[in-house]
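A short worksheet on the structure shown next.
When a residue number appears, it is its place in the shown sequence, counting from 1.
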Amino acid sequence: MSCTDDRACRFYRRGSDWFSKTGIPSDIVIEVEGQMFHLHKFPLLSKCGKIAHISEVSQNVKEGTHHILSGCPGGADAFLLVAKFCYGFKVELSPKNIIMVHSIAEYLEMTEQLDENNLLPEAERFFHKFVLHSWKDCIVALQSSEGSLPHAESFPIVTKCINALSRMVCTDLSLFGWPMMMYGSLQSPGGSILWNGINTGAKIRSSQSDWWFEDISCLGVPMFRRLMEAMYERGVRPVIVAGALMYYTGRYLRGLDRWMKKQGSRDLAFLTVTPAVVDHKVLLENIVSLLPQKKGKAYCRFLLGLLRFAIILNVCQQSKETLERTIGMQLELATLDGLLIPNFSKSDNLYDTDCVERIIHHFLHSQESGIATFSPSSSVSASPLSSSLNRVIKLIDSYITEVAPDVHLGTEKMLSLLVALPKSCRSQNDGLYRALDVYLKAHPWLVETEKMQLCSVIDYGKLSVDTCAHASQNERLPHRIILQVLYFEQLQLRLSLSHYLDALDIDSTAAANNVVGHILQRDGWISLIHENQALKVDMESLMSRVRNLEQEFVIIKQKIGRVNRHQ
């Protein structure tokens with residue numbers, strides 16, 4: 001803010017008091033933020049309706065000439081500018097001061113009813129003519145007002161700027177002339193923008209939908225929130241809003257870029273103001289409240305990064321729950337690295353397993369309810385229920401395997417993780433068995449009852465042949481569990497042998513003729529003889545394995561009987 005007349009220096013300061021060198025004694029004192037302005041009634045009352053009203057009321061009740069202006073937009077600095085304007089000095093308006101000037105002029109009721117060239121109509125004309133239709137000037141105006149005007153986001157003139165920006169984002173830029181299209185396609189030979197044939201010096205902006213992310217990232221949290229809400233009202237796609245939120249958050253939360261793709265950067269030379277200073281906790285809570293219902297790998301990774309910061313910063317419980325629920329609804333897109341959230345509570349556990357359990361609960365709830373809440377424009381199409389469930393099962397089994405070596409992970413916590421996904425949703429239990437085996441190896445001090453409690457979670461009938469073979473020789477498992485494994489392994493072998501023999505008996509004559517004919521045509525009698533010999537060897541090996549398992553089964557049963565008798 002400045003006045004264009006050198007006579008403005010006639011205002012001088014003495015301590016916290018301001019005076020005017022008019023040679024006429026002051027007849028009114030205005031106090032703003034503890035600073036006293038010793039002025040004259042005539043120039044003030046002729047242009048400021050509010051001061052005229054205050055003066056009239058105080059004169060009727062004989063309260064004197066000292067008046068306090070509380071809540072004056074812009075404080076003492078803004079009022080000094082108004083005082084100079086009232087004394088005839090011209091105010092130089094710019095995008096950086098227009099919101100403050102307009103706000104204090106509106107507050108002091110400096111309307112055209114008092115003077116057609118009053119400060120409020122002048123500010124209105126400048127704003128609508130030069131600022132409202134310019135992308136860069138709207139941003140500069142908003143960003144400049146944040147430091148000097150508390151709660152500026154609630155001012156009507158700010159709402160106009162917000163609406164103008166949201167309208168520009170939602171409109172094809174090719175419909176506008178410069179400066180709203182200052183990064184458009186009219187390029188000069190030197191690589192800058194041409195406007196009516198004039199080289200503007202502006203650089204070329206990408207035509208992609210994210211061209212505005214970095215521009216608005218200089219705004220403080222309240223202004224940014226207002227702009228995002230305006231975007232929602234205009235029906236901007238969730239994927240675009242999510243991109244803006246991710247860019248903005250990544251700029252102010254250092255370390256979040258590990259969980260996001262690196263953002264590009266371009267020159268913001270037109271922004272002569274510094275980026276906003278934000279409170280990280282306030283930022284997080286606002287971003288979480290603005291999160292759209294969207295699905296995508298990068299987005300899920302971003303949410304997991306946000307959740308880590310939310311736990312560290314101890315944001316409100318509602319924000320944490322929102323993040324956990326949103327992650328749970330797309331858990332199949334998460335990564336093991338993202339789920340390994342360190343434990344920041346007083347517990348000795350290395351990882352926050354409680355948080356992951358809640359995420360799993362939200363996933364199961366979303367699968368049961370079948371709510372289609374995600375954007376169809378997402379880069380990752382919605383998967384069938386079984387496919388999503390299978391991916392989550394593999395992910396959670398890998399997660400349990402990763403956290404199992406933690407010596408501070410108690411039996412109850414481990415058991416809770418093992419049963420987090422219902423047995424009914426698992427077609428195989430191999431991953432669950434591997435996780436349990438790692439846990440038993442890292443916790444050799446567990447008593448037999450604790451081992452049995454953990455092992456009872458696994459359905460040994462859903463183990464593969466190879467896993468059964470490993471479990472039958474696993475000395476870390478209780479004897480009763482090994483007995484169960486041998487029983488199911490024997491059943492599997494018998495079933496496999498039965499199916500094999502049944503297949504040979506079905507249409508044996510016709511099948512044999514077809515096989516013989518095929519082999520004769522291909523390799524002749526020699527090939528047929530070799531295949532028959534190999535078949536006999538395989539059958540003999542299979543039958544031998546069954547006999548060995550039966551013998552082992554009997555021996556283990558006898559050992560268990562002897563143990564029970566000694567107890």
Side-chain angles (χ1 to χ4, degrees), residues 300 303-304 307-308 310-311 320-321 323-368 388-464 467 470-471 474 476-478 481:
C300 185
L303 294 175
L304 285 165
L307 181 57
R308 289 173 180 247
I311 296 172
K320 294 179 186 177
E321 291 175 356
L323 282 171
E324 291 171 355
R325 182 174 61 255
T326 310
I327 293 169
M329 295 171 72
Q330 50 188 307
L331 183 57
E332 69 274 13
L333 301 177
T335 61
L336 176 60
D337 187 34
L339 283 182
L340 292 172
I341 302 171
N343 183 34
F344 298 102
S345 66
K346 296 180 180 179
S347 171
D348 292 329
N349 292 351
L350 293 178
Y351 300 102
D352 193 340
T353 58
D354 292 338
C355 177
V356 173
E357 284 188 51
R358 291 192 294 269
I359 291 174
I360 296 172
H361 170 76
H362 290 303
F363 168 76
L364 294 174
H365 179 72
S366 67
Q367 297 297 301
E368 291 171 0
S388 299
L389 190 58
N390 288 334
R391 285 199 293 269
V392 169
I393 290 172
K394 291 180 180 179
L395 174 65
I396 298 306
D397 287 350
S398 299
Y399 174 81
I400 302 173
T401 304
E402 192 70 25
V403 303
D406 179 11
V407 294
H408 298 291
L409 185 66
T411 308
E412 292 184 1
K413 289 286 184 184
M414 184 62 180
L415 182 62
S416 183
L417 286 172
L418 292 173
V419 300
L421 290 172
K423 287 185 179 181
S424 58
C425 69
R426 293 179 178 273
S427 58
Q428 270 200 341
N429 276 203
D430 287 13
L432 210 58
Y433 168 76
R434 283 191 291 271
L436 177 59
D437 186 42
V438 171
Y439 184 79
L440 294 176
K441 186 176 182 180
H443 300 75
W445 55 83
L446 295 181
V447 298
E448 196 75 6
T449 54
E450 291 176 321
K451 290 183 179 181
M452 282 299 300
Q453 189 179 18
L454 292 170
C455 292
S456 63
V457 173
I458 298 177
D459 185 348
Y460 297 95
K462 293 183 178 180
L463 295 182
S464 64
T467 305
H470 181 278
N474 192 343
R476 289 183 287 273
L477 297 178
I481 298 301

With side chain to side chain contact (heavy atoms under 4.5 Å, CB included) as the test, would you mind laying out the steps for Cys455 and Leu436 before giving the verdict?
CA-CA 8 Å; Cys455 292; Leu436 177 59; 3.8 Å; yes
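- Of all heavy-atom pairs spanning Gly328 and Ser366, the tightest one is O-OG, 4.2 Å.
- For the pair Pro405/Val438, a side-chain contact is recorded, criterion being any heavy-atom separation below 4.5 Å from C-beta on.
- When side chains are defined from C-beta on, Ser416 does not count as touching Thr353, because their heavy atoms never get closer than 4.5 Å.
- No hydrogens or angles considered: nothing links the side chains of Ser388 and Gln367 as a donor-acceptor pair under 3.5 Å.
- Nearest heavy-atom pair across Cys425 and Pro422 is SG-O, 2.9 Å.
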Check your understanding: Does the side chain to side chain contact (heavy atoms under 4.5 Å, CB included) test come out yes or no for Leu417 and Tyr399, once each step is laid out?
Key -> CA-CA 9 Å; Leu417 286 172; Tyr399 174 81; 4.2 Å; yes
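- Around atom NZ of Lys394, no more than 12 heavy atoms belonging to other residues, nucleotides or ligands sit under 6.0 Å away.
- Ionic pairing of Asp437 and Arg476 is present here: one or more N-O contacts between side-chain nitrogen and carboxylate oxygen are shorter than 4.0 angstrom.
- A donor-acceptor distance shorter than 3.5 angstrom exists from the side chain of Glu450 to the backbone of Val447, with no hydrogens or angles considered.
- With rounding to the nearest 0.5 Å, the separation of CD in Gln428 from OG1 in Thr467 is 7.0 Å.
- A donor-acceptor contact shorter than 3.5 Å is absent between the side chain of Asp459 and the backbone of Asn429.
- The closest donor-acceptor contact from the side chain of Lys462 to the backbone of Arg426 lies under 3.5 Å.
- Residues Ala471 and Leu477 come closest through the heavy atom pair O-CD1, 3.6 Å.
- With values rounded to the nearest 0.5 angstrom, Ile458 atom CD1 is found 5.0 Å from Leu432 atom CG.
- Note: Leu421 CG to Glu357 CD = 10.5 Å, rounded to the nearest 0.5 Å.
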Verdict with supporting geometry, Asp354 and Lys413, side chain to side chain contact (heavy atoms under 4.5 Å, CB included) = CA-CA 8 Å; Asp354 292 338; Lys413 289 286 184 184; 2.5 Å; yes
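- Looking at every heavy atom in both residues, Met414 comes nearest to Ala435 through CE-O, 3.8 Å.
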Task: Stepwise side chain to side chain contact (heavy atoms under 4.5 Å, CB included) test for Ile360 and Leu331 - done: CA-CA 8 Å; Ile360 296 172; Leu331 183 57; 4.2 Å; yes
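- Between the side chain of Tyr439 and the backbone N or O of Leu409 there is at least one donor-acceptor pair closer than 3.5 Å.
- Taking CD1 of Ile393 as the start and CG of Leu395 as the end, the distance is 11.0 Å to the nearest 0.5 Å.
- Taking CG of Asn343 as the reference point, atom CD1 of Ile311 lies at 8.5 Å (rounded to 0.5 Å).
- Counting heavy-atom neighbours within 6.0 Å of Glu448 CD, excluding the residue itself, gives a total above 12.
- One finds the CG atom of Leu304 at 10.5 Å from the CD atom of Glu324 (value rounded to the nearest 0.5 Å).
- Considering all non-hydrogen atoms of both residues, Met329 and Glu332 come closest at O-OE1, 4.4 Å.
- The two residues Ile341 and Cys355 come nearest to each other via the heavy atoms CD1-SG, 4.0 Å.
- Legend: ring pair (Phe, Tyr, Trp, His ring centres under 6.0 Å) pairs involving residues 400-435, not counting sequence neighbours, sorted by first then second residue: Tyr433-His470.
- Counting only distance, with no hydrogens or angles, the side chain of His443 and the backbone of Asp406 share a donor-acceptor pair below 3.5 Å.
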